[in-house]
Amino acid sequence: MAAEWDEFVDKSKNGTFLLKRQFMDYHSHRFTDCSLVVYEDNELIGLFPANWDDETRRVYSHQGLTYGGLIYLPEVTQLQVLQMMQAIMLWYIDFLQARTLTYKPIPYIYSTCAAEEDLYALFRANARLTSRGVSSVVEMDNPLKLRKLRIRGAKKAIDAGLYIDRMVDEDWSVLKEYMDMLEEGLQKHHNLKPVHTFEEMQLLMSRFPQQIKLYLTRKDRKTIVAGCIVFITRRVAHIQYISSNDEGRKNGALDLLFRHLIYERFKNMAYIDFGISTENHGHYLNEGLIFQKEGFGARAICYDAYEVELDRTVIEQMQPGIIKAPQGRVKFLDLKRINASFEPALSDAITRVVRSGWYLQGSAVRQFERNFAEYIGVTDCVLCGNGLEALTLILRAYKILRNWDDESEVIVPANTFIASILAIREAGLKPVLCEPTPETYLIDVQAAESLISEHTVAIMPVHLYGRVAPMTQINALAAKHNCVVVEDAAQAHGAKYEGVRAGHLGNAAGFSFYPGKNLGALGDAGCITTDDGELAALVRKLGNYGSSEKYVNDYPGLNSRTDEIQAAALDIKLPRLDADNERRREIARRYVEGIDNLLIQKPEMPHNEADNVFYVFPIRCKCREQLQNWLKEQGIETLIHYPIPPHKQKALSEFAGMKLPVTEQIHREILSLPISPLMTDEEVERVIAALNVFNYNVE
């Protein structure tokens, strides 16, 4: 495809002969080529010159040059460039398992107009600037004033009898003489060698005789005192391999040569580029070179290198709502994809915390506590270490405030996650397990009433799977028996019951902000919400070693705190919670309407959809293991919430032998389908289609 490639470079907006196949192929012994050709509707619209390093799994564009970004036609739009860049990066991820991309944009001086659409695409890909090469360029329509020092140098050269010459095509003896002088000068003054050897430069000049020229300053026909090699593109004369011997430096040989190139030889060019003046990968600026080049009217221009982490989650989000998720497996919950959707605000918030120097009990914690309390509708929110500790702290505080003894009992659903029960035990109270209703998986209020005894002090309804428990009946039952209601709202962020949010439906509530929750942190975190100021103050004290004043401990407390980074992350995510929950409901509706298989029992949808935020979407199947394996074969991830009921766990041996048939049946049959706010409709349909064709003879 070399001919087609080269033809495209000639008519492109920003390609030069340096990006033609012959020049790239010259570097083939150094680099592994992984260049791409991009088509739209069978029409070639872009080229991506690139190299591959297998050891580091890195793609370079283009490793052999100072620059080498995407090449595209003048009529290509910003959106097309964004689409091309995304497709290119996804290709490298999928087919090379590439980890990173080093991207060097083609400077605007090589373009037909001053714009670089690929820079926006790099921004959308979360690219990081890794190095900057500063070049000096004479903009021929607007040069700086020629310094008197350079004028005097050129006059001095003329007075010394120096003159300008150009190497005749294929006069390789002259090239050899110059390359030897160049190598000697670089070794003597910079301890460096030329990138190209004489043989390599000879090969390049033979391939591109009209584009690569050697210009010289001579003392006489036999003596070269200075020179440079010029790479000539459509708009730019790029001066490279500048060298002068001692006699040339003494007599202003380069001043004479550059004045000739700028004001005579290349006066019709748009730009004359004197090349990079930075050293050590862009970390050191050679001020002497800059000063010399500015004397000829040159201004600074940057040759940058960016690094892109080839993270599929990030790259897919370069065009939100345009590019669909890949046709791979359907993840149960893609946390990387979810967190990436909050960028760059999420990283900015974390960076602010890191730079603040304050990491615990600071302004980020206070701000989220205020915002979450307002969102729930309560007076107090107290952040703590996690959801288990949130429930434990509430019960421990009530035990102190209400003088509960160790025989006091708390009624809790038997089919909950074990943390609900562990919290009761950690608080020094006795859990009493109550069966759920088989339709809703929520606590059976009638069964709960039958379990109330003289020792019952609290009821802990669990808003399991994101659905709010029947709080009107629970609160009535609690009032009748003078019990406290402690909501386990760890799975119900944002859910509402008769217009009131979960977390404000009892005396107090415990939340978990485990990363997989509807409102998830980047690690462990939790909180309690309440309108009881006395309770909130005691919870805050208990979670801080039992102390409200440093080194003064009133209670045997514990260390249970959310750090500033988690609080900042949660505060970024909170404003989108309602919208994310609505997307979960939409997916749930599609599941309920679309799943049509007699082997599968779908969850009951609440009369008021706001009652459920679908932390998980649970189905039931008597042949669950076979169904789960079938879905796995179709590339669909599922989880079981939860495979072993709490009363059969070794950790809760006091319940050994207890019979809870409804709970046990649920735990045998329950299976959670993928559901998240970033699932695509296509992914949802894949899950539905796989479920509907599942067939198993249960007999």
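The structure presented is a predicted model; accordingly, all values stated were derived computationally and were not measured.
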If you apply the rule salt bridge (Lys or Arg N to Asp or Glu O under 4.0 Å), what do you find for R337 with E683, and how did you get there?
CA-CA 14 Å; R337 188 173 170 190; E683 288 174 319; 3.4 Å; yes

Classify the angle between the aromatic ring planes of H196 and Y241 as parallel (below 30°), tilted (30 to 60°) or perpendicular (above 60°).
perpendicular

Test item: W358 side-chain N/O and L360 main-chain N/O as donor-acceptor pair under 3.5 Å
yes

Listed by chain and number, what are the side chain to side chain donor-acceptor pair (under 3.5 Å) partners of N268, not counting sequence neighbours?
none

Would you say that more than 12 heavy atoms from the other residues, nucleotides or ligands in this model lie under 6.0 Å from the OH of Y359, or not?
yes

Parallel, tilted or perpendicular: which fits the ring planes of F48 and Y92, with parallel below 30° and perpendicular above 60°?
tilted

Without hydrogens or angle criteria, can the side chains of R132 and T278 be said to hold a donor-acceptor pair below 3.5 Å?
no

Sub-3.5 Å donor-acceptor pair from the side chain of R124 to the main-chain atoms of Q317, do we have one?
yes

Return yes if some donor-acceptor pair links the side-chain N/O of Q566 with the main-chain N/O of G523 below 3.5 Å, else return no.
yes

Would you check, one step at a time, whether the test side chain to side chain contact (heavy atoms under 4.5 Å, CB included) holds for Y103 with D304?
CA-CA 8 Å; Y103 190 94; D304 295 334; over 6 Å; no

Indicate yes or no for a side-chain donor-acceptor contact from R249 to the backbone of S244 under 3.5 Å, with no hydrogens or angles considered.
yes

Please determine, by modelled atom types, if Q367 and S363 share a side-chain donor-acceptor pair under 3.5 angstrom.
no

What verdict does the side chain to side chain contact (heavy atoms under 4.5 Å, CB included) test give for T102 and T130, after you've listed the backbone C-alpha separation in whole Å, the side-chain angles of each residue and the deciding distance to 0.1 Å?
CA-CA 9 Å; T102 294; T130 55; 5.6 Å; no

Going by atom types alone, do E117 and Y72 pair a side-chain donor with an acceptor below 3.5 Å?
yes

Please indicate whether K219 has more than 12 foreign heavy atoms, meaning atoms of other residues, nucleotides or ligands, lying under 6.0 Å from its NZ.
no

Got more than 12 heavy atoms from elsewhere within 6.0 Å of CD, E199?
yes

Trace of the salt bridge (Lys or Arg N to Asp or Glu O under 4.0 Å) decision for D180 with K176
CA-CA 6 Å; D180 288 344; K176 181 68 167 64; 3.0 Å; yes

May I ask you to check if R576 and F342 form a cation-pi contact, with NZ or CZ under 6.0 angstrom from the six-membered ring centre and within 45° of the axis?
yes

Looking at T233, is its backbone amide N or carbonyl O close enough to the side chain of Q211 to form a donor-acceptor pair, meaning the two atoms are under 3.5 Å apart?
no

Give a yes or no on whether E75 atom CD has more than 12 heavy-atom contacts from other residues, nucleotides or ligands under 6.0 Å away.
yes

Under 3.5 Å donor-acceptor, N251 side chain and D159 backbone
no

As a quick check of understanding, evaluate side chain to side chain contact (heavy atoms under 4.5 Å, CB included) for R235 and Y271, giving each step before the final call.
CA-CA 6 Å; R235 294 163 49 82; Y271 301 93; 3.5 Å; yes

Residue pair D334, R312: steps toward the salt bridge (Lys or Arg N to Asp or Glu O under 4.0 Å) verdict:
CA-CA 11 Å; D334 193 338; R312 172 174 282 283; over 6 Å; no

Measure up the F231 and H238 rings against each other and bin them: parallel (under 30°), tilted (30 to 60°), perpendicular (over 60°).
perpendicular

Walk me through it: do D10 and K20 pass the test salt bridge (Lys or Arg N to Asp or Glu O under 4.0 Å)?
CA-CA 9 Å; D10 285 335; K20 287 193 172 184; 2.9 Å; yes

For side chain to side chain contact (heavy atoms under 4.5 Å, CB included), just list the numbers for D311 and K336, CA-CA rounded to whole Å, side-chain angles, deciding distance to a tenth of an Å, and then say yes or no.
CA-CA 9 Å; D311 182 333; K336 286 182 68 176; 3.0 Å; yes

Between K573 and G520, is there a donor-acceptor pair closer than 3.5 Å when you use the side chain of the first and the backbone of the second?
yes

Mind checking the CZ-CZ spacing from F23 to F208? Nearest 0.5 Å is all I need.
7.0 Å

Answer yes or no for R207 and F17: cation-pi contact, defined as NZ/CZ to six-membered ring centre under 6.0 Å and angle to ring axis within 45°.
no

Between L256 and L162, the two heavy atoms sitting closest are CD2-O, 3.7 Å

Can you tell me if E40 has over 12 outside heavy atoms packed within less than 6.0 Å of its CD?
yes

Exercise: identify the closest heavy-atom pair between I272 and M140:
CD1-SD, 3.9 Å

